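What follows is one structure encoded as structure tokens, with my remarks underneath.
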Amino acid sequence: MSHIKKEKARETPAVSTASLPDIVFMLLFFFMVATTMREVELKVTVGKPSATEIQKLERKDLVCYVYVGAPKTDYQAKFGTEPRVQLDDQIAAVSEVGFFVTQVRSDIAEAEQSKMTVSIKADGNVKMGLISDIKQELRQVNALLINYSTQPVVDAEKMFESNM
């Protein structure tokens, strides 16, 4: 006599979580390797101007950055809307640029101090008078390697047409 067995309700097997720690650590290592921490919080707006002849800096560890632009909306109540100079995380006067560069230069090994470059990251709408004042301060402290940070031009003809 045949006996018909009633099928038991099949239970779905539990999801194995054995590989979950491996996945978490793999994601953690990925983000640790791929992420760079921003060293400076920008308080000024820097819309880099476009340029056609661009060279990449060789050693970024020998670069001192000076940011120039109008303060962001969060800081406009305190600093106004006129372009300002930012050195590290602080808004500073143009007269403080020389001292700042001297201080950064002293942190670099003496043999490489002459290779230090000052990169001016200025907004495209900043007047050249402010940039000239910064250059005069840099000249007084003998910081003669100056770089202007720009972005590459997508279409060179449009850039020349917009400048005319």
Side-chain angles (χ1 to χ4, degrees), residues 25-164:
F25 280 112
M26 191 170 54
L27 286 173
L28 180 67
F29 288 132
F30 170 76
F31 286 115
M32 287 174 58
V33 171
T35 305
T36 57
M37 300 298 285
R38 180 174 282 260
E39 295 175 4
V40 175
E41 176 193 354
L42 285 180
K43 295 180 179 177
V44 295
T45 306
V46 177
K48 296 178 190 173
S50 301
T52 55
E53 302 294 324
I54 298 176
Q55 292 181 345
K56 198 165 192 166
L57 289 172
E58 295 291 324
R59 294 189 53 193
K60 290 193 175 186
D61 60 326
L62 297 176
V63 177
C64 171
Y65 295 100
V66 175
Y67 303 95
V68 183
K72 289 186 174 180
T73 54
D74 299 343
Y75 301 101
Q76 285 183 352
K78 187 174 182 180
F79 299 111
T81 57
E82 291 296 313
R84 300 285 179 167
V85 177
Q86 180 179 344
L87 306 171
D88 276 342
D89 284 336
Q90 296 181 348
I91 301 287
V94 174
S95 59
E96 298 175 52
V97 172
F99 177 73
F100 173 74
V101 169
T102 306
Q103 197 173 25
V104 171
R105 188 186 304 152
S106 66
D107 294 340
I108 298 174
E110 191 170 333
E112 296 182 326
Q113 287 182 356
S114 62
K115 299 175 185 173
M116 187 184 95
T117 303
V118 177
S119 178
I120 299 175
K121 291 189 170 191
D123 189 75
N125 296 324
V126 172
K127 293 186 178 177
M128 197 59 197
L130 181 59
I131 303 296
S132 295
D133 293 344
I134 293 170
K135 286 173 58 178
Q136 290 296 328
E137 285 291 320
L138 294 174
R139 193 173 294 158
Q140 288 178 0
V141 295
N142 203 22
L144 303 176
L145 289 175
I146 299 173
N147 170 300
Y148 296 100
S149 184
T150 61
Q151 63 183 3
V153 174
V154 177
D155 188 9
E157 291 183 18
K158 286 184 180 178
M159 182 185 86
F160 291 121
E161 290 173 2
S162 67
N163 290 335
M164 291 184 169

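The first residue of the sequence shown is numbered 1, and numbering continues consecutively from there. Not measured: the values here are computed from a predicted model. Any value given below was found using the heavy atoms of this structure, including those in side chains, with hydrogens, waters and symmetry copies removed.
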> Which residues pass the side chain to side chain donor-acceptor pair (under 3.5 Å) test with E41, sequence neighbours left out?
Replying inline: Y75

>> Would you say CD of E82 has more than 12 non-hydrogen atoms from neighbouring residues, nucleotides or ligands within 6.0 angstrom?
In response: no

>> Less than 4.5 Å apart, side chain to side chain, heavy atoms only: is that true for L138 and L144?
In response: no

>> I need the S95 OG to Q140 CD distance, nearest 0.5 Å.
In response: 10.0 Å

> Does the side chain of N147 reach to within under 4.5 Å of the side chain of L57, using non-hydrogen atoms?
Replying inline: yes

> Would you say D123 and V126 make side-chain contact, with heavy atoms under 4.5 Å?
Replying inline: yes

> Which heavy atom in F100 sits nearest to a heavy atom in Y65, and how many Å separate them?
Replying inline: CE2-O, 3.8 Å

> Less than 4.5 Å apart, any side-chain heavy atom of I54 and any of T150?
Replying inline: yes

> Going by heavy atoms in the side chains, are I146 and K135 under 4.5 Å from each other?
Replying inline: yes

>> Rounded at 0.5 Å granularity, tell me how far CG in L27 sits from CZ in F25.
In response: 11.5 Å

> D89 side chain to V40 main-chain N or O, any donor-acceptor pair under 3.5 Å?
Replying inline: no

> For A51 and V153, which heavy atoms make the closest approach, and how far apart are they?
Replying inline: O-CG2, 3.0 Å

> Mind checking what makes side chain to side chain donor-acceptor pair (under 3.5 Å) contact with D107, not counting sequence neighbours?
Replying inline: none

> Given side chains that start at C-beta, do those of V97 and L87 come closer than 4.5 Å, heavy atoms only?
Replying inline: yes

> Checking side-chain contact (heavy atoms from CB on, under 4.5 Å) for the pair L62/T117: CA distance, chi angles, key distance, verdict?
Replying inline: CA-CA 6 Å; L62 297 176; T117 303; 5.9 Å; no

> What pair of heavy atoms forms the shortest contact from P71 to R84, and how long is it?
Replying inline: CG-CG, 3.8 Å

> Residues two or more places apart in sequence or in another chain: which of them pass side-chain contact (heavy atoms from CB on, under 4.5 Å) with M32?
Replying inline: L28, F29

> Once you round to the nearest 0.5 Å, how far does CD of E110 lie from CD of Q113?
Replying inline: 5.5 Å

>> Return the NZ to OG1 distance between K72 and T45, rounded to the nearest 0.5 Å.
In response: 6.0 Å

> Distance from C64 atom SG to R105 atom CZ, nearest 0.5 Å?
Replying inline: 9.0 Å

> Can you name the side chain to side chain donor-acceptor pair (under 3.5 Å) partners of E96, sequence neighbours left out?
Replying inline: none

> Mind checking what makes side-chain contact (heavy atoms from CB on, under 4.5 Å) contact with V46, not counting sequence neighbours?
Replying inline: V44, K48, Y67, K121

> CG/L145 to OG/S114 distance, rounded to the nearest 0.5 angstrom?
Replying inline: 8.0 Å

> Which heavy atom of S119 sits nearest a heavy atom of S149, and at what distance?
Replying inline: OG-CB, 4.1 Å

> Okay, side chain of Q86, backbone of D88: is any donor-acceptor separation there less than 3.5 Å?
Replying inline: yes

> Which pairs with one or both residues in residues 54-67 pass salt bridge (Lys or Arg N to Asp or Glu O under 4.0 Å), sequence neighbours excluded?
Replying inline: R59-D61, R59-E112

